[in-house]
Amino acid sequence: MLTITASNKKVDSQQYQISLLGAVIMIVGTVVGAGIYIIIGPLAVSVGPGLMISYLIALLIAAASSFCYAQVAAIYPTTAATYRYARMFYPETIGFLMGWLRFMTSFYGLALMASGFTEYFDSPWGIDNRIIAAVILTIFYVVNAFGIKTTQLVQSVLVTIVVAGLIVFSGGGLAEINLDNLTPMTEAGMGTIFGGALTAFFAYTGMYFVAEIGDEIEESDKNIPRAIIIASIIIGLLYLSTTLVFSGALGWDTIKAAEPNLAEAAQIIFPGWTFYFIQLSGVVAVIMPINSIYAASCRLLASLSEDGYMPVILAKKNRFNVPGIALTVIYILGILIVSLDLSILYLGAISSLVTLIGMALVAGAGLKILAQEPDKLKEAPFTLSPRVMIGLGIFTIIAVICLAVFSFMEDPLILYSLFIWIGLGLIYFKIRQYYAKTKGYQNFYG
């Protein structure tokens with residue numbers, strides 16, 4: 001089993017680290033975005049009254065897998081955690097492919113968030129939406145270049161606005177719910193609802209975000225598990241109450257006719273000032289996760305570089321402890337994907353699927369630790385009981401398989417896209433492996 005090495009050392013200076021509160025804010029800021037403000041409308045058209053069930057299924061899977069992340073991170077806190085754990089506990093090819101797929105979905109995620117912003121903001125000057133999306137990506141690129149502390153400071157302001165918007169929508173809308181709009185909740189069919197859970201799962205991706213920047217969290221072995229648990233509870237309450245109001249106050253017929261996003265739903269349900277506030281929070285929400293995607297993805301790319309899979313220059317850090325060249329590469333790729341103007345639901349589904357694969361691998365890693373290194377569990381500052389750990393791990397793996405199958409049945413394009421990216425990754429891996437061999441290296445690292 002690979003061990004975490006020099007590339008995962010703690011950042012020496014607390015100047016570049018964030019606290020438990022900062023970690024919770026970063027998770028909420030990563031998760032709450034297009035998944036609830038934008039995707040909720042198209043998803044509700046498909047699943048009807050079963051909207052809350054889709055989000056609940058996705059929440060259960062996200063929470064179970066997040067606890068698995070929390071347990072493994074308590075033992076092995078590290079940067080680029082999903083990739084690192086895949087390399088530690090599985091064959092090298094699987095570890096690389098996990099890093100490769102995570103790298104791919106990073107710029108998909110940037111494109112999704114930036115494009116989602118244009119759903120909420122229509123330029124009064126007739127500027128192309130892709131140009132607006134590119135400007136948004138540029139602004140957050142600059143923010144991230146100044147380090148994790150700056151990223152967290154900006155995120156704190158944005159999170160306050162977004163969470164307030166969801167509280168206003170769900171709290172104010174409870175009185176508007178018509179119970180007839182919520183029955184029967186399985187009217188769209190359980191197959192469609194389970195398929196919708198994969199799309200809804202995108203709304204929860206990022207609940208383990210702090211595990212991806214583990215080196216930059218104060219007391220990471222303690223604060224990563226705490227942050228994941230606290231943020232999971234906050235996000236779950238916000239999302240389930242929001243979906244209940246969305247379906248219950250509007251009804252499926254209205255949803256199919258209007259296909260509203262969250263702000264448009266607020267315009268139907270509430271008086272003027274409420275709509276404008278939720279519109280503002282929606283604008284902020286759909287761009288807010290860009291901060292965290294940049295932060296995690298550039299560190300992932302730097303980790304791949306440190307391990308010899310990518311050019312060594314991508315691991316170089318600027319004066320703010322940020323891998324600046326890797327950040328620039330992610331930025332450019334995000335701009336290119338934005339220019340293709342791909343479907344928001346497609347971007348969300350493929351990103352969710354890769355996240356699910358990573359979660360299954362981490363759940364398996366937790367089971368391997370339980371079987372092979374039980375003493376490390378006893379020493380960890382956060383410890384699940386063996387039965388709970390086994391139950392959560394198995395549940396996560398089974399749920400991932402079920403969601404993936406339903407997803408492929410609903411939209412084979414997702415499967416084809418995944419196979420293409422895996423194929424490209426394997427070709428790159430073999431070429432890089434051949435290059436290392438011709439140089440006389442025993443492995444990728446020289």
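The first residue of the sequence shown is numbered 1, and numbering continues consecutively from there.
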Closest non-hydrogen atoms of Gly165 and Ser281, given as atom of the first, atom of the second and distance, are CA-OG, 3.5 Å
Scanning both residues in full, the closest heavy-atom pair of Phe140 with Val154 reads CE2-CG1, 4.5 Å
Applying ring pair (Phe, Tyr, Trp, His ring centres under 6.0 Å) to Phe395 and not counting sequence neighbours gives none
Between Pro323 and Leu314, the two heavy atoms sitting closest are CB-O, 3.9 Å
By side chain to side chain donor-acceptor pair (under 3.5 Å), Tyr204 pairs with (sequence neighbours left out) none
Those residues at least two apart in sequence (or on a different chain) that pass ring pair (Phe, Tyr, Trp, His ring centres under 6.0 Å) with Phe103 are Phe107
**Prompt:** Using a distance-only test with no angle check, is there a side-chain donor-acceptor pair under 3.5 angstrom linking Tyr69 and Thr82?
**Reply:** yes
Trp421 side chain to Trp100 backbone, donor-acceptor under 3.5 Å:
no
Ring pair (Phe, Tyr, Trp, His ring centres under 6.0 Å) filter on Tyr294, not counting sequence neighbours, yields none
Margin query: Is there a side-chain contact between Ile337 and Leu110 in this structure, where contact means two heavy atoms from C-beta onward sitting under 4.5 Å apart?
Written below: no
So CD1 of Ile234 and CE of Met207: to nearest 0.5 Å the spacing works out to 11.5 Å
Find out whether Leu166 and Leu262 are in side-chain contact, i.e. whether some heavy atom of one side chain is under 4.5 Å from a heavy atom of the other.
yes
- Heavy-atom donor-acceptor pair, Arg87 side chain to Gly99 backbone, under 3.5 Å: no
Checklist line | Any donor-acceptor N/O pair, Asn261 side chain to Ala263 backbone, under 3.5 Å | finding: yes
Rounded to the nearest 0.5 angstrom, the CD1-CD1 distance for Ile27 and Ile230 is 8.5 Å
Donor-acceptor check, side chain of Ser305 to backbone of Pro311, threshold 3.5 angstrom: yes or no? yes
Hits for side chain to side chain donor-acceptor pair (under 3.5 Å) against Thr105, two or more places apart or cross-chain, chain-then-number order -> none
In this structure, OG of Ser54 is separated from CD1 of Ile193 (nearest 0.5 Å) by 5.5 Å
query = Where do Lys149 and Leu153 land on the side chain to side chain contact (heavy atoms under 4.5 Å, CB included) test, with the steps shown first?
reply = CA-CA 6 Å; Lys149 285 267 191 177; Leu153 179 62; over 6 Å; no
Check: Got a salt bridge between Arg84 and Glu306, using NZ or NE/NH1/NH2 to carboxylate O under 4.0 Å?
Finding: yes
Could you tell me whether the side chain of Leu418 reaches within less than 4.5 Å of the side chain of Ile357, counting heavy atoms only? yes
When every non-hydrogen atom of Leu384 is compared with those of Phe382, the smallest separation belongs to CD2-CZ, 3.8 Å
Can you give each donor-acceptor pair under 3.5 Å made by side-chain atoms of residues 59-68, sequence neighbours left out, with the distance rounded to 0.1 Å?
residue : atom : partner : partner atom : Å
Ser65   : OG   : Ile61   : O            : 2.9
Ser65   : OG   : Ala62   : O            : 3.0
Ser66   : OG   : Ala62   : O            : 2.6

Sequence neighbours excluded, the answer for side chain to side chain donor-acceptor pair (under 3.5 Å) partners of Tyr90 is none
request  = Could you tell me whether Ile313 atom CD1 has more than 12 heavy atoms of other residues or ligands within 6.0 Å of it?
outcome  = no
With a cut-off of 3.5 Å and sequence neighbours excluded, list every side-chain donor-acceptor pair involving residues 181-192.
residue : atom : partner : partner atom : Å
Asn181  : ND2  : Gly248  : O            : 2.8
Thr192  : OG1  : Ala188  : O            : 3.3

Item checked: Note, Leu97 side chain near Phe429 side chain (heavy atom, < 4.5 Å) -> no
| said: Within the structure provided, determine whether Ser303 and Thr79 are in side-chain contact (heavy-atom separation under 4.5 Å). | reply: yes
- Query: Checking Thr383 side chain against Leu377 main chain: does a donor-acceptor pair fall under 3.5 Å?
  - Reply: yes
Sub-4.5 Å side-chain heavy-atom contact between Tyr83 and Asp307 | yes
For Ala266 and Ile278 the tightest heavy-atom approach is CB-CD1, 3.7 Å
Is a side-chain N or O of Thr243 found less than 3.5 angstrom from the main chain of Leu240, in a donor-acceptor match? yes
*asked:* For a 4.5 angstrom cut-off between non-hydrogen side-chain atoms, does Gln71 reach Ile75?
replied: yes
Quick note, salt bridge (charged side-chain N to carboxylate O under 4.0 Å, His left out) partners involving residues 284-300, not counting sequence neighbours, are Glu216-Arg299
If you apply the rule side chain to side chain contact (heavy atoms under 4.5 Å, CB included), what do you find for Val245 with Glu176, and how did you get there? CA-CA 8 Å; Val245 170; Glu176 306 297 327; 5.9 Å; no
(message) Please check: side-chain N/O of Gln152 versus main-chain N/O of Ala23, any donor-acceptor pairing under 3.5 Å?
(response) no
Residues passing the salt bridge (Lys or Arg N to Asp or Glu O under 4.0 Å) test with Lys222, sequence neighbours excluded, are Glu219
Note, Val163 side chain near Leu238 side chain (heavy atom, < 4.5 Å):
yes
Check: residues 362-371 side-chain donor-acceptor pairs under 3.5 Å, at least two apart:
residue : atom : partner : partner atom : Å
Lys368  : NZ   : Phe89   : O            : 2.5

Donor-acceptor contact below 3.5 Å, side chain Thr396 vs main chain Ala360: no
Closest non-hydrogen atoms of Gly425 and Phe96, given as atom of the first, atom of the second and distance, are O-CE2, 3.2 Å
Margin query: Tell me whether Asn178 contacts the main-chain N or O of Gly251 through its side chain, where contact means a donor paired with an acceptor under 3.5 Å.
Written below: no
dist Leu415:CG -> Leu353:CG (nearest 0.5 Å) comes out at 8.5 Å
Here the gap from Ile224 atom CD1 to Ile228 atom CD1, rounded to the nearest 0.5 Å, amounts to 6.5 Å
Using distance alone, with no hydrogens and no angle criterion, decide if Asn144 and Tyr331 have a side-chain donor and acceptor under 3.5 Å apart. no
Here the side chain to side chain donor-acceptor pair (under 3.5 Å) pairs for residues 19-33, sequence neighbours left out, are Thr30-Ser292
Q: Take Tyr85 and Leu361, measure what side chain to side chain contact (heavy atoms under 4.5 Å, CB included) needs, and give me the verdict at the end.
A: CA-CA 8 Å; Tyr85 298 152; Leu361 291 176; over 6 Å; no
CG of Leu237 to OG1 of Thr242, rounded to nearest 0.5 Å, is 10.5 Å
In terms of ring plane angle, is the pair Tyr239 and Tyr55 parallel, tilted or perpendicular, where the classes change at 30° and 60°?
perpendicular
